[in-house]
Amino acid sequence: MKKITNRAVSVLLIAALVIVGVLTYVIRYVDEGEDWALYFSRLNTEATGQILDRNGLVLASFSPTENLFAEDRATRIANYHVTGDYWGRSGTGVLSAFWQNMRSFSHIYGTTRSNTGSLQLSIDARLNNAAYNSLIGQKGAILICNYKTGEMLCMVSAPSVDPADPDTEPEDGAFLNRGLSAAFVPGSIFKLITAAAAIENLDGVQNRTFYCEGVTDFAGVEVTCPFEHYSQTFEQALANSCNVAFSRMAVQMGQDTMVKYVKDYGFLDSHELNGIPTAAGAYPTDFVGDPELGWSGIGQSVDLVCPFSMLRYVSAIANGGVLVEPTLLLDDEENKSSRLMEASTAETLARMMSFNVAYSYGGSESFPGLALCAKTGTAEIGDGTSHAWFTGFLNDEAHPYAFVFLVERGGGGLTVAGRIAYNVLHTAVRS
Amino acid sequence: MEVFSQYMLTTSKFALILLSLAILIRCLRSMLQERYEPETWAYIKSGRETLPVNHWENIIGSSRSADLLIQKPGVRRVHAVLTRDDAGQWRVYDVFGRGGVWANGTKVGGKGECVFDGDVINLQGNMLRFQDLPQDKRIRLDASRTIAGKRFSPAVTLLELSIFQLFLLMQHAFFARAEYLAPIALGFFALMMLQWSCYNAMRIMGRSGFEVETLAFYLSTLGMSVVATSTPGDMYKQILLTIAAVALFLLSGWWLRNLKRTAAVRLPIAVGALLLLTVNVVASDAVLGARNWLEIGGFSFQPSELVKVAYVYVGASTLEKLFRRRNLFGFIAFSAICVMALALIGDFGTALVFFVSFLVISFMRSGSIATVFLAVSGAGLAGFLAVSVRPYIAQRFASWGHVWEDVFDTGYQQTRAMSAAAAGGLFGKGAGSGWLKDIFAANTDLVFAVICEELGLIIGLCAILAMLTLAFFAVRSARNGRSAYYAIAACASMSILLTQLALNVFGSLDILPFTGVTFPFVSRGGTSLLSCWMLMAFIKGADNRKDASFAVRPGGRLRSVVDDPLGPRMAEKRPKLSKGKTPAAKGKAAGKNTAPAKNTAAAKDKAAAKNTPAAKGGKAKGGRAAK
């Protein structure tokens, strides 16, 4: 018997393996339990909460039994790309991005502790409504932030979706937030980058005279301007949006310098807006010849810019070269700021953009009541149409707003995007 | 009101955990701390040494693992086997047929030779005197043993379990839909009634060991809770099944009391099991990849679950038969057919359960690690073939460890199980309030996660601990088992249950591949519940503490005819020899034995038949000459 019963230990071996398995699970539970529990957070939730705009307007409210949005349909649609929805159809909304933070997990209580909270956004829902309406059905994106605090006031992408009506098939591309999740041909707004590189790399560029006879030639390939600008200063070249001058500058600086600046200013990276990832841009980084480099210096070639990256860039220019990272949260204490460019460069660019508005866009006659510093872009996309861009900032202590307006295939930068910008910025300043 | 019910819910969560821990700790301490004195059945005198015979099956030899250790020249490591049957008849066997064993001068063969009080067993010239214990002395010895459940009253533990069930019912009452309240309440009350009836029946029978039953009822309670939350419409069915399972448990335990009867029907049971599997292979339709269901008259059942019980029944063996090669080969063939049939059905999880049980049984029977290695490598090869033939198994292996990479297809169940289980934290969301129960096969394959989600990780771990406690108990009981049959059967049962538990729990948590076997007692499934309770009977059969188990005849009262009317009534002492026997044997019998009056003629004849004169005279002399 002893011979047999001694061998009963083999059962204890299985028991030992079970214990090893249990310990493995407990260790993994401690290590990864939070990720597991929050992965299906919609199912595991006990949370009750709401998302408010900066004025206290309810954009979304949820409880274990109900998921609601703003009562007003126009508000729901205009703010859809801010809120997202409960079903994760738009991956870039606040609901998706903050969902997990709104549900607490602890290893003791799991997700069983009901969590009540509200999240107040820096977004002004009424401004979003105005912005969305101003696009009058065109595809596009509008981003406005406070460059002193980083707070996003307006984030609109059209077309949009009514999240309270999940059954209606939305327009193609309606779930895409064009401001964050896409990159577009920048066109002339890219000259702000080439200009920054030129200020720091071409000695005495600000005192140089640029001569434009309407066309320039790089190894047999022409870069043209719509007009002959003849003799012009650096400042005037930007105001004229002179392709000849800026393509020559890009070629003179060389590809390495251009790539360095595009990279340093964050145009090639994906950034995060409160954890929502944004699209990276594009610029010819592998060796290309002078003609291509020339075109890339004026925002054509293979250049692509995400509107959000552009917003960061003009915010930094407006704020003396220091970038306060944009945020969707009101009074975001965790917000970071960092120097994106030399203070003197930023100052020069700001002055040039202000001059640009006065010299080319009609100054305060065209944009009464706004201390506007801006640059337009009419980005040809190769099929005869062009994206209309308008980007810049208000040099106004009371309204320190940086902005990017983009109308996809909208036509002329000033005539289309500029006009929309004027209306929306006016609303922003008034409110 | 809202606040009050929240308060009650929180209180009940803590109460469930405290009661679970209390139940487990009481059972653990009772099983592991109480003294397990061996029974003494007879004595062997070797020179001046007197060795107690503690089992019904004993190895006599010079090996350290021998039950009766005789370290003298000429004595082999395993020299002879001394057994006792239900009727009290002792026999000595020369298990390897190598010779060198004589009883009263008769050469003993593989078929054994009866020995009686005062007889001399000669091991290669070493004389051992066999001394049977008279009944009155055994009663006195037995009375000095510790009664099971003396330190930890099983009634208190069962009371704790009843309160546990009430709190659980209360939680269900919070979350269940109104139309299901009545069946759920009935389910838990039926379970309470059942466990207390079972307990009272034991008391009436004079048995006090109730830990195994308590743990099985604890796990069944969790199983009842799983049914209440996932398919409350099936509560009545679950109640009936639990009653049937407990009835089968009692019946099986009663059957196991008689070793001879038990061993006699092994072959018919083996044949029955094979038939059942054959029917399953031939007749059943594909059900979700594995064709392991049979449907008869609207009731579906899993034949493989019943075959598990049969497998243990057939696989266990008494000691004197263990040493026969043919015996093990028969078992290996039986196992191979079972595992192959399960593979044909496509139930690879159960095939693996059988295989682990095969390893445990064959190791306990042969002690050969080489055999185990051979079996494992053979199975590895077969498994490789299986994976290449059945692509869906390969898929399960492929997704193993990567379930989070495919949350909507191959990792669908596991990821949801892990998420829900983690969301429950340590205390759970409350019985009946989870969402995992609605996922496909949650109440069978993902049942650990359902428990963790609703009742918390601590109770989930308690369920595992309950099973581990049973395993430790089975191993500990096996040491004092009367027969190797009970020891092997108890260990084989535990190996099946533990393997199932491991495959179920760790499969759903992506620690092992997902095979879809059931968590014993807890997973929903009628046949599974029946087989689990029947396997418990084997563990009760090994519990040899004094007056502990209904499946074991009490040692002290064993000879009492009243105790078991079905048991054979045999003479307790060697009968007086009739005329025509050798004078030497006759003289010894006359000199040493005061023959009792109640000797029956049948016993006499039986004893006489064994002592053929030819065998006696010559070979006995040979033995003496060797000395």
Side-chain angles (χ1 to χ4, degrees), chain A residues 1-48 63-65 87-88 99-100 102-116, chain B residues 54-55 57-59 63 65-67 78 319 322 356 359-360 363-365 367 404 407 415-416 418-430 435-436 453 456-457 461 464 467-468 471-472 474-475 478-481 483-484 487-488 490-491 494-495 498-499 501-502 505-506 509 511-512:
Chain A
M1 276 301 287
K2 219 189 268 174
K3 209 174 174 61
I4 306 299
T5 53
N6 283 347
R7 296 174 191 157
V9 177
S10 55
V11 174
L12 294 185
L13 191 71
I14 304 175
L17 291 176
V18 170
I19 292 171
V20 169
V22 167
L23 291 178
T24 309
Y25 175 63
V26 170
I27 289 167
R28 291 187 67 188
Y29 171 74
V30 171
D31 195 29
E32 301 167 50
E34 182 161 5
D35 297 339
W36 296 344
L38 297 180
Y39 191 92
F40 295 106
S41 56
R42 274 303 294 147
L43 292 161
N44 285 327
T45 181
E46 301 280 324
T48 306
S63 69
T65 52
W87 310 281
W99 196 263
Q100 303 201 345
M102 291 187 177
R103 274 135 196 85
S104 64
F105 173 87
S106 80
H107 286 99
I108 310 268
Y109 297 104
T111 58
T112 59
R113 282 270 157 110
S114 59
N115 184 18
T116 307
Chain B
N54 291 333
H55 310 284
E57 292 159 8
N58 307 275
I59 290 175
S63 157
S65 64
D67 303 293
V78 178
L319 189 64
L322 278 185
V356 173
L359 290 183
V360 168
F363 176 70
M364 286 187 77
R365 287 176 63 151
W404 288 99
V407 172
T415 49
R416 277 153 187 80
M418 289 157 91
S419 183
L426 298 185
F427 306 112
K429 295 175 178 172
W435 58 270
L436 186 66
E453 184 195 16
L457 179 62
L461 294 181
I464 295 177
M467 201 58 81
L468 289 175
F472 294 132
V475 170
R479 288 199 178 280
N480 286 330
S483 163
I488 295 175
C491 290
M494 274 330 297
S495 69
L498 281 180
T499 311
L501 171 134
V505 173
F506 304 132
L509 300 175
I511 293 170
L512 291 178

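Not measured: the values here are computed from a predicted model. Numbered from 1 within each chain, the chains take letters A, B, ... in sequence-line order.
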Next item on the list: Using the ring pair (Phe, Tyr, Trp, His ring centres under 6.0 Å) rule, take Y25(A) and F506(B) through it: C-alpha gap first, then chi angles, then the decisive distance, then the call.
Entry: CA-CA 8 Å; Y25(A) 175 63; F506(B) 304 132; 8.1 Å; no
Is there a side-chain contact between T111(A) and K429(B) in this structure, where contact means two heavy atoms from C-beta onward sitting under 4.5 Å apart?
yes
- Stepwise side-chain contact (heavy atoms from CB on, under 4.5 Å) test for L457(B) and Y29(A): CA-CA 10 Å; L457(B) 179 62; Y29(A) 171 74; 4.0 Å; yes
Measuring only between side-chain heavy atoms, which start at C-beta, is M1(A) closer than 4.5 Å to R479(B)? no
When the 4.5 angstrom heavy-atom criterion is applied to A487(B) and chain A, the contacting part is side chain
Honestly, the part of L468(B) sitting under 4.5 Å from a heavy atom of chain A is side chain
Query - Heavy-atom check, side chain of I511(B) versus side chain of R28(A), under 4.5 Å - result: yes
Cut-off 4.5 Å, heavy atoms of chain A, and the answer for V407(B) is side chain
Applying a strict 4.5 Å limit to non-hydrogen atoms, the region of L501(B) in contact with chain A is side chain
Exercise for review: Examine distances only and state if a side-chain atom of S419(B) and a backbone atom of W36(A) form a donor-acceptor pair shorter than 3.5 Å.
Suggested key: yes
Greatest number of non-hydrogen atom pairs under 4.5 angstrom with chain A, of A502(B), A474(B), S483(B), falls to S483(B)
Margin query: In the structure I gave you, are the side-chain heavy atoms of T499(B) and V18(A) within less than 4.5 Å of one another anywhere?
Written below: no
So, the part of R365(B) with a heavy atom under 4.5 Å from chain A: the answer is backbone
So, the part of L509(B) with a heavy atom under 4.5 Å from chain A: the answer is both
Output for pair (K3(A) NZ, N58(B) CG), nearest 0.5 Å, gives 14.0 Å
### Task
For the residue pair F472(B) and L12(A), establish whether any side-chain heavy-atom pair is separated by less than 4.5 Å.
yes
Cut-off 4.5 Å, heavy atoms of chain A, and the answer for L436(B) is neither
Under 4.5 Å to a heavy atom of chain A? For L512(B) that would be neither
Taking every heavy atom of R7(A) against every heavy atom of F363(B), the minimum-distance pair comes out as CD-O, 3.1 Å
- Item | Y39(A) and T415(B), any side-chain heavy atoms less than 4.5 Å apart | no
Under 4.5 Å to a heavy atom of chain A? For I59(B) that would be both
Cut-off 4.5 Å, heavy atoms of chain B, and the answer for L13(A) is neither
Greatest number of non-hydrogen atom pairs under 4.5 angstrom with chain B, of I108(A), I14(A), V11(A), I4(A), falls to I108(A)
